[in-house]
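So the structure is just underneath, and the comments pick up after that.
Note that these values count all heavy atoms, side chains included, but never hydrogens, waters or copies made by symmetry. One-based numbering, in listed order, for ligands and for the atoms of each.
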Amino acid sequence: MKVDLIIQARWIIPVEPESVTYENHALVVNDGKIVDLLPSIIASQKYQATTLEKLDEHVVMPGLINSHTHASMSLMRGIADDLPLMDWLQNHIWPLEQKWVGEAYVRDGSDLAIAEMIRGGTTCFNDMYFFPEITAQQAIHHSIRASIGLILIDFASAWAENSDAYIEKGLALHEQIRHQALITTPFSPHAPYTVSDEPLKKIRVLADELELPIHMHVHEILHEIQEQQKKTGQTPLQRLHDLGLLSPSFIAVHMTQLSDEEINLVAETGTHIVHCPESNLKLASGFCSVAKCLEAGINVAIGTDGAASNNDLDMFGEMRTAALLAKGVANDASAVPAKTALEMATINGAKALGIADKTGSLTIGKAADVIAIKMDQLEAQPLYEPISQIVYATNRQQVTDVWVAGKQLLKDRNLTTINVDDLKAKVAEWQLRLKS
Ligand SMILES: [Zn+2]
């Protein structure tokens with residue numbers, strides 16, 4: 001039988017079924033989808049491929065899913081560090097955004113983030129930012145999978161003047177790109193402290209009608225929770241629950257300092273959590289009790305947050321930090337073992353974004369969102385357990401090849417859809433502008 005692509009690999013980690021590693025197997029891809037996963041010897045008898053990739057020193061696994069980021073903030077990487085969240089936002093990030101954020105900024109910033117993510121083995125990202133139509137356009141142009149948030153915030157920006165305008169423009173964008181195979185469009189209200197009840201009620205109704213997820217920062221820092229409690233006696237999470245938002249289509253990002261009752265509420269409502277350990281650590285935002293959340297049955301995914309608060313979009317680093325931090329927070333070395341961290345960075349992200357039927361594991365019928373990681377370096381020796389090695393001892397620069405829906409976006413570490421020299425020149429111009 002003729003097929004488009006066979007990837008033969010030393011190891012294949014499909015993520016589903018869990019904890020499995022196949023040795024000397026082949027992934028068979030046709031029309032952008034995975035059609036078979038079988039021993040390499042049998043694959044070469046059963047299939048003739050247009051392209052055969054022999055990756056004898058590699059781990060092949062599903063592409064990583066960055067479940068929360070602000071792609072174009074990559075242009076602000078390192079511009080304001082070592083500050084608490086509110087000082088960082090109010091005195092540094094928001095004034096810069098007021099001055100500079102527009103179509104050109106979002107286009108070049110999205111390109112920088114997409115290039116960095118592909119080179120780091122990320123095949124899908126969940127974005128929240130102004131000018132989402134530009135990030136969507138760049139994601140489509142570079143053939144990466146993306147959830148493009150329909151942003152909503154109470155204050156005016158260069159993109160929209162009030163909450164009605166945000167909703168209207170978001171709906172128009174959804175209508176325009178809803179047939180794009182690689183793109184979904186969750187509603188993305190910024191945070192409880194920046195979006196009031198009326199617009200939240202409106203998007204709850206719209207999200208039900210259009211069957212779209214809702215993606216929001218929730219309980220990022222203690223101050224946010226205390227302020228809301230002072231005003232209304234409720235925590236932000238309770239308020240969102242009263243507004244009817246918590247559900248299996250709600251994606252709550254950060255979720256630090258949760259009480260046991262709140263963890264139960266999140267579990268009961270089927271709400272997803274996106275954990276951003278490095279952003280939480282850098283802004284000293286507090287801790288998400290990941291081990292307790294997982295134990296309660298909550299689906300927990302991983303995101304990098306924006307490069308202005310991380311300062312990279314490295315899902316390998318994020319996966320490792322998530323595994324390590326969870327042990328420290330739980331005071332339990334068995335909390336978030338390697339296989340769980342890997343699931344959080346792949347299939348759990350797909351579940352949170354409502355696209356687990358398309359991506360997140362190497363399962364027959366899903367899109368071929370696949371990465372290859374070279375393991376022959378001295379630093380990767382010895383290699384007893386590939387999943388442990390990937391989580392605890394692998395660097396994103398070991399990623400050699402990346403495919404999204406069967407299309408190769410990284411070939412032997414070279415980007416196939418982005419010109420790196422042009423991009424670096426544009427980024428250098430932005431650095432001069434933002435510094436001025
Ligand atoms: Zn964020």
Taking NZ, NE, NH1 and NH2 as the nitrogens, is one of them in Asp312 or Arg77 under 4.0 Å from a carboxylate oxygen of the other?
->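 No, this pair does not count.
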Which pairs pass salt bridge (charged side-chain N to carboxylate O under 4.0 Å, His left out) with one or both residues in residues 272-293, sequence neighbours excluded?
-> Asp81-Lys282, Asp260-Lys292
Ring centroids only, cut at 6.0 angstrom: are [X] and [Y] within range, meaning strictly under it?
X      : Y      : value
Phe155 : Trp94  : yes
His70  : His190 : no
His68  : His275 : no

Note on the Zn ion (ligand 1): protein N/O/S atoms within less than 2.8 Å are His68 NE2, His70 NE2, His217 NE2, Asp305 OD1
Indicate whether the side chain of Trp159 and that of Glu133 have a donor and an acceptor atom separated by less than 3.5 Å.
->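 Yes, Glu133 and Trp159 have a side-chain donor paired with an acceptor closer than 3.5 Å.
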